[in-house]
Amino acid sequence: MVRDVRSYDIIGYGDEVPGVLALVAAAREYRRRTNRYPRVLLMSKGSLQEGIGGHLVRGGLAYLDRSQVSRELQKSLGLDTFGSPPTLYREFLQRSGVIGIGLDPRKANAALKEMLLQAGVDLLSKVEIQAVSKEGQKIASITTSRGTIYSAKQFIDATVNAELAQVAGVKKLKGFQTFGLPESELPVSLVFETQGLSVRRLKELDYTYLKRFTNLGDTQAQKYLLHAAGMNAKLAEQLRLEMIEPRGNLRTLWGGHDYIDVRSPALSIAYHSFRGTKLSFSETGIILDEGNIAILPGERLSWNALLFAVTGSEAESLARSGGKPTPKMLEEMSFVATWLKSLGATSVTSASELYIRHAGNVTGVVEPLTGAKMLMGGVPESEALASFAYHFDVRGGIKGMGEKAKSQGWMNSLSFKPPVFNVGIRHALIKNVPNLAVVSPGSGFEGFSSSAGRIVEFNAAVGQGVGIAAINALLTGKNMADVSNREVRQVLAETGQLPRIYGRAHPQDGFLLAQFESLVTGGAVVA
C-alpha cells in the first residue's frame with residue numbers, strides 16, 4: 001500500500017501565539033540565510049476556520065498580561081510601560097491594533113493569518129495525532145488519524161499540555177507534580193464578551209453595589225451580601241472589608257484606554273447572590289471572580305472572570321479534547337448571561353474554547369527553569385534574548401501548597417518579589433528528543449516558575465528564539481537541543497531584533513525560594 005507522505009522542514013503542532021511566532025521567525029530566518037522560504041506546516045487540534053491564535057483568539061482572552069515593569073525601573077533605564085517586548089511579539093501587537101492591553105481576537109486572527117501567509121506556512125486544522133515515528137531519538141514524522149504522514153526535520157510543540165511531546169515519549173508531570181501535587185492545578189476560565197453594557201454603565205453599577213454592600217444600614221443589600229456569603233457572617237464581613245481601601249475609600253474600578261481592572265468583589269457578590277451560590281472558590285469550584293476586562297471596538301467588553309476549578313487530570317483531559325467547555329461550564333455561563341442582560345447587556349457570548357492556564361510540565365529538558373532562577377535574574381545578560389517581569393501568578397491558588405509547606409517544616413512566607421528576568425530557550429529544548437522544542441506553559445518549568453512562565457509575552461520571546469534555533473539546526477546539521485542561547489542572541493543582534501535587556505537579581509528572595517523549591521520538589525521531578 002502506498003502511503004500518503006508529505007515532507008516539510010519544520011512542523012509546528014498547536015497554534016498558540018508563541019508557536020505561531022516561532023514558525024514565522026523560523027521562516028524569516030531561513031529566507032534571510034538562503035533567499036527562499038522553508039517548507040513549514042502548522043498543525044492544530046483546534047478549528048483554524050474559527051481563528052488562528054489558540055486561547056487568545058478562539059479562547060477570546062483579550063486582556064493581555066504584559067510585562068510588569070516597575071516605575072522605578074522604567075525611569076532608571078528609560079523603558080516603556082511594558083519594558084521592551086520581543087520584536088516579533090511587538091509586531092504582532094501592532095498588526096492587531098493593540099494600544100496597551102486590549103487585544104481584539106478578530107484582529108489578532110487576521111494579523112496571524114497574514115504573517116503566516118507571508119511566511120509561506122501551510123495550515124492543517126482539526127488534527128488528531130495517531131502516531132509519531134522516530135529515527136533514533138529524533139522525531140521523523142507524525143501520522144494523523146486520517147492516515148496521512150507528515151515528515152520534517154524539526155518540530156515545535158505549542159500546546160498547553162505538550163501533547164506532541166507526550167506522544168513522542170517525553171515524560172510530562174501532571175498539575176503541580178513538581179511540588180508533589182499532581183492533582184493540584186490552576187483554574188480554567190471561560191472568557192465571554194458582552195455588548196450593550198457600556199464602560200460608564202459598568203462603573204455606575206460597581207459604585208452602586210460598593211456603596212450598598214458596605215452600608216450596614218442598607219438591610220436589603222446586607223441580606224444579598226449574606227446570601228452570597230453562604231449565610232456565613234464572618235465571610236460577609238471579610239467581603240465588606242475587601243471593598244474598602246486602607247484609607248477608607250471604596251475600591252472602585254480602575255480603567256485605562258483599553259482595559260478595566262475590577263478591584264473589589266462587589267460585582268461578584270451581586271452575581272452570586274443572584275445565582276444563589278456561595279462566593280467561595282475553594283468550596284464550590286466555580287466563581288465569577290474580580291475580572292480583567294478588555295475594552296474592544298463596538299462597545300464590546302471581554303471578561304476574564306468566570307473561573308472553574310480543575311484537577312491535574314481534568315486539565316489534561318480538557319486540553320486533549322480541544323479545550324472545549326463542559327456542559328456544566330456552559331450551564332453556569334447561561335446564568336452569567338441572564339444576569340448581565342438584566343443589567344443592560346444586549347448580548348453575551350462565550351468563547352468556543354477555554355483558557356487553560358496550565359496543564360503540567362515536561363521533564364528531560366536541556367536546562368530546567370525554576371522560580372529561584374527567575375528571581376536571580378534568569379539567564380546571564382550575555383545569553384539573554386529578551387527580558388520579562390511578572391509576579392508568580394497562581395490565580396485561584398495551588399490546592400495543598402500551604403499544607404505541603406508546613407509538612408516539610410517551612411516556616412517562612414510563600415510571598416516573593418515579582419521576578420524581573422532574562423529569557424533563554426534551553427528550558428524549551430528536549431534533551432532526549434533533540435529535534436523537538438516545547439514552547440508553552442508546559443515547557444520545562446519546575447517549582448513556581450510556571451506561574452510566571454505561562455504568560456504569552458514571555459513564551460513569545462522563547463518562541464522567536466526557538467524558531468531561529470530550529471533554522472540554525474536545519475542549516476548546520478546539528479541538533480536543535482545543542483543550539484545555545486548565545487547563537488540565537490547573535491542572530492537577534494545582527495538583525496536588529498534584540499530588545500532591551502533589563503533582568504535584575506533579587507538574591508535574598510531567590511535564595512529563600514531556592515531553599516523552598518529544593519525542599520518541596522525533592523524527588524518529585526523525575527527526568
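Quick caveat, the model's predicted, so the values are computed rather than measured.
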Verdict with supporting geometry, Leu73 and Arg504, side-chain contact (heavy atoms from CB on, under 4.5 Å):
CA-CA 10 Å; Leu73 198 56; Arg504 292 290 182 272; 3.9 Å; yes

Would you sort out whether Gln68 and His391 count as a side chain to side chain donor-acceptor pair (under 3.5 Å), showing the intermediate values?
CA-CA 8 Å; Gln68 299 176 344; His391 62 294; 2.9 Å; yes

Side chain to side chain donor-acceptor pair (under 3.5 Å) for Lys203 and Thr252? Distances and angles first, verdict last.
CA-CA 8 Å; Lys203 286 181 176 179; Thr252 53; over 6 Å; no

Could you check Val420 against Val69 for side-chain contact (heavy atoms from CB on, under 4.5 Å), going step by step and ending with a plain yes or no?
CA-CA 8 Å; Val420 181; Val69 184; over 6 Å; no

Can Asn292 and Tyr259 be said to form a side chain to side chain donor-acceptor pair (under 3.5 Å), step by step?
CA-CA 8 Å; Asn292 297 330; Tyr259 72 96; over 6 Å; no

Go through Tyr63 and Asp261 one step at a time and tell me if the side chain to side chain donor-acceptor pair (under 3.5 Å) criterion holds.
CA-CA 10 Å; Tyr63 185 106; Asp261 288 337; 2.5 Å; yes

Take Val310 and Leu186, measure what side-chain contact (heavy atoms from CB on, under 4.5 Å) needs, and give me the verdict at the end.
CA-CA 7 Å; Val310 292; Leu186 299 182; over 6 Å; no

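Under 4.0 Å is where a charged nitrogen must lie from a carboxylate oxygen, and between Lys399 and Glu183 no such pair does. In this structure, Arg58 pairs ionically with Asp15, as a charged nitrogen and a carboxylate oxygen lie closer than 4.0 Å. A salt bridge links Arg454 with Asp393: the closest approach of a Lys/Arg side-chain nitrogen to an acidic carboxylate oxygen falls below 4.0 angstrom.
Residues Ile260 and Trp254 fail the side-chain proximity criterion, which asks for heavy atoms closer than 4.5 Å. Annotation: side chain of Thr178 is not in contact with side chain of Glu517 (no heavy-atom distance under 4.5 Å). Counting heavy atoms from C-beta outward, Phe192 and Val336 have side chains that approach closer than 4.5 Å.
Side-chain atoms of Asp258 come within 3.5 Å of backbone N or O of Gly102 as a donor-acceptor pair. Side chain of Ser264 to main chain of Met243: no donor-acceptor pair is present (N/O by atom type, distance under 3.5 Å, no hydrogens or angles). A donor-acceptor pair under 3.5 Å is formed between the side chain of Ser449 and the backbone N or O of Leu369. In this structure, the side chain of Asp157 engages the main chain of Thr159 through a donor-acceptor pair within 3.5 Å. Using a distance-only test at 3.5 Å, with no hydrogens or angles considered, no donor-acceptor pair links the side chain of Ser451 to the main chain of Val394. Remark: the backbone N or O of Ile269 is not paired with any side-chain donor or acceptor of Ser273 at under 3.5 angstrom.
Ring-plane geometry between Phe458 and Phe445 is classed as tilted, the angle between the planes lying from 30 to 60 degrees on a 0 to 90 degree scale. Classification of the Phe392-Phe416 ring pair by plane angle, with boundaries at 30° and 60°, yields perpendicular.
Counting heavy atoms of neighbouring residues, nucleotides and ligands inside a 6.0 Å radius, atom NZ of Lys324 exceeds 12 of them. In Lys404, the NZ atom is crowded: over 12 heavy atoms of neighbouring residues, nucleotides or ligands sit closer than 6.0 Å. For NZ of Lys126, the number of neighbouring non-hydrogen atoms (other residues, nucleotides, ligands) closer than 6.0 Å is 12 at most. More than 12 heavy atoms of other residues, nucleotides or ligands shown are found within 6.0 angstrom of CZ on Phe274. Counting heavy atoms of neighbouring residues, nucleotides and ligands inside a 6.0 Å radius, atom NE2 of His506 exceeds 12 of them.
To the nearest 0.5 angstrom, Lys406 atom NZ is 7.0 Å from Glu403 atom CD.
Closest non-hydrogen pair, Ala452 versus Tyr390, comes out as CB-O, 4.2 Å. When all heavy atoms are compared, the tightest approach of Pro187 to Phe281 is CB-CZ, 3.6 Å.
Looking only at atom types and distance, the side chain of Thr346 has no donor-acceptor partner in the side chain of Gln195 under 3.5 Å away. For the residue pair Gln177 and Glu185, no side-chain donor N or O sits within less than 3.5 Å of a side-chain acceptor on the partner. Under 3.5 Å, the side chains of Glu128 and Thr144 contain no donor-acceptor pair of N or O atoms.
The list of side-chain hydrogen bond (donor to acceptor under 3.5 Å, both in side chains) pairs with a residue in residues 75-89, not counting sequence neighbours, reads Thr87-Gln464.
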